[in-house]
Student: 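Dumping the structure here so I can ask a few things about it.
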Amino acid sequence: MSDLTFLRRAIALAEEHSLSGTAGPFGAVVVRDGEVVGEGWNRVVVDKDPTAHAEVLAIRNASRQLGTHALTDTVLYSSCEPCPMCLAAIYWARIPRVVYATRAEDARAIGFDDAFIAHELSLPWEERRIKSSQALREEAKAVMERWRQKPDRSEY
């Protein structure tokens with residue numbers, strides 16, 4: 001199957017689930033060796049979960065199906081350019097390739113504006129809108145060090 005076939009599947013998921021009125025118009029599939037191993041569509045409103053984006057759900061689905069968090073031999077197809085959160089998830093999943101249909105500006109034109117998030121991420125913590133503080137660093141670092149010393153730890 002071609003990239004366009006899988007991209008059309010992502011678009012079909014977006015259409016099918018967004019017409020119900022409970023999902024945004026976004027769909028995604030994860031493919032390995034020419035086979036769909038994960039699908040997802042926007043479920044933010046229905047699940048009351050701001051992280052329930054199509055790409056994240058497709059990655060979760062593929063990871064469960066393949067029994068691994070490292071999707072190094074897959075491709076993600078998305079009906080829209082991934083937002084900053086989804087892009088981070090793609091990096092964490094180690095997906096080496098993404099194919100998408102619409103651009104971020106197309107999503108912005110219908111009310112899905114994530115440009116401010118990308119901008120915020122480019123700022124140092126002290127300049128971001130979300131206020132933050134740091135405490136108990138040494139206690140938390142000790143936990144990290146104990147984990148690092150475990151011979152049976154799971155790397156990711």
Student: Going by the angle between their ring planes, with limits at 30° and 60°, are W41 and H17 parallel, tilted or perpendicular?
Tutor: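 Ring orientation, 0 to 90° scale: parallel.
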Student: Step by step, work out the side-chain contact (heavy atoms from CB on, under 4.5 Å) result for E81 and D106.
Tutor: CA-CA 9 Å; E81 179 179 356; D106 302 319; over 6 Å; no
Student: What are the two closest heavy atoms between C86 and V56, and how far apart are they?
Tutor: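 For C86 and V56, the tightest heavy-atom pair comes out as SG-CG2, 4.0 Å.
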Student: For the atom pair CZ (F26) and OG1 (T102), what is the distance rounded to the nearest 0.5 Å?
Tutor: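 Output value for this atom pair is 6.5 Å.
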Student: Given side chains that start at C-beta, do those of D3 and R97 come closer than 4.5 Å, heavy atoms only?
Tutor: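 Yes, side chains in contact.
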Student: Mind listing the closest non-hydrogen atom pair of S132 and W125 along with its distance?
Tutor: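 Closest approach of S132 to W125: OG-CE3, 3.3 Å.
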Student: Using modelled atom types and a 3.5 Å cut-off, is there a donor and acceptor pairing between side-chain atoms of S18 and backbone atoms of G24?
Tutor: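 Checked: no pair found.
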Student: Does a salt bridge link E120 with R128, judged by any charged N lying under 4.0 Å from a carboxylate O?
Tutor: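 No.
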Student: Measure the spacing between CD of E138 and NZ of K141 and express it to the nearest 0.5 Å.
Tutor: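 Output value for this atom pair is 4.5 Å.
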Student: Run the side-chain contact (heavy atoms from CB on, under 4.5 Å) check on V31 and T74 step by step: do they pass?
Tutor: CA-CA 5 Å; V31 174; T74 65; over 6 Å; no
Student: Considering only Ile, Leu, Val, Met, Phe, Trp and Tyr, and joining two whenever side-chain heavy atoms are under 4.5 Å apart, list the other residues clustered with I95.
Tutor: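 Same cluster as I95: V30, V37, I59, L66, L71, L76, I90, V98, Y100.
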Student: Could you check whether any side-chain N or O of S78 sits under 3.5 Å from a backbone N or O of A101, counting only pairs where one atom can act as donor and the other as acceptor?
Tutor: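 A pair under 3.5 Å: no.
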Student: Looking at OH of Y77 and CG of L4, how far apart are the two atoms once the value is rounded to the nearest 0.5 Å?
Tutor: 9.0 Å
Student: Mind checking what makes salt bridge (Lys or Arg N to Asp or Glu O under 4.0 Å) contact with E16, not counting sequence neighbours?
Tutor: none
Student: Please round to the nearest 0.5 Å and tell me the distance separating atom NE2 of H53 and atom CZ of F112.
Tutor: 8.5 Å
Student: Any salt bridge (Lys or Arg N to Asp or Glu O under 4.0 Å) involving residues 28-39? Give me the pairs, sequence neighbours left out, ordered by first then second residue.
Tutor: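 Residue pairs passing salt bridge (Lys or Arg N to Asp or Glu O under 4.0 Å), neighbours aside: R9-E39, R32-D73.
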Student: A quick test of your reading: do over 12 heavy atoms of other residues, nucleotides or ligands sit less than 6.0 Å from NE2 of H119?
Tutor: no
Student: What residues, two or more places apart in sequence or in another chain, satisfy salt bridge (Lys or Arg N to Asp or Glu O under 4.0 Å) together with R153?
Tutor: E155
Student: How would you list, by chain and number, every residue that makes a side chain to side chain donor-acceptor pair (under 3.5 Å) with R148, sequence neighbours excluded?
Tutor: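 Side chain to side chain donor-acceptor pair (under 3.5 Å) list for R148, sorted by chain: E145.
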Student: Using 0.5 Å steps for rounding, measure from the OG atom of S122 to the CD1 atom of I117.
Tutor: 12.5 Å
Student: To check you understand the geometry: which heavy-atom pair defines the closest contact between G40 and A58, and what is its length?
Tutor: N-CB, 3.7 Å
Student: Working note: F6 + V99, criterion side-chain contact (heavy atoms from CB on, under 4.5 Å); need CA distance, chi angles, decisive distance, verdict.
Tutor: CA-CA 9 Å; F6 296 120; V99 179; over 6 Å; no
Student: Quick check: closest heavy atoms across C80 and R103, and the distance to 0.1 Å?
Tutor: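 In this case the closest contact between C80 and R103 is SG-O, 3.9 Å.
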Student: Other residues, nucleotides and ligands only: do more than 12 of their heavy atoms fall within 6.0 Å of CH2 on W147?
Tutor: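 Yes, CH2 of W147 has more than 12 neighbouring heavy atoms, counting only those of other groups under 6.0 Å.
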Student: Side chains of residues 44-52: which donor-acceptor partners sit under 3.5 Å, not counting sequence neighbours?
Tutor:
from, atom 1, to, atom 2, distance (Å)
D47, OD1, R43, NE, 3.2
D47, OD1, R43, NH2, 2.6
D47, OD2, R43, NE, 3.0
D49, OD1, T51, N, 2.8
D49, OD1, T51, OG1, 2.6
D49, OD2, T51, OG1, 3.3
T51, OG1, R60, NH2, 3.3

Student: Between the main-chain N or O of A89 and the side-chain N or O of E55, is there a donor-acceptor pair closer than 3.5 Å?
Tutor: no
Student: How close do L123 and E127 get, counting heavy atoms only, and between which atoms?
Tutor: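 So the minimum-distance heavy-atom pair works out to CD1-O, 3.7 Å.
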Student: Please name the pair of heavy atoms, one in L13 and one in A28, separated by the smallest distance, quoted to 0.1 Å.
Tutor: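 That would be CD1-O, 3.7 Å.
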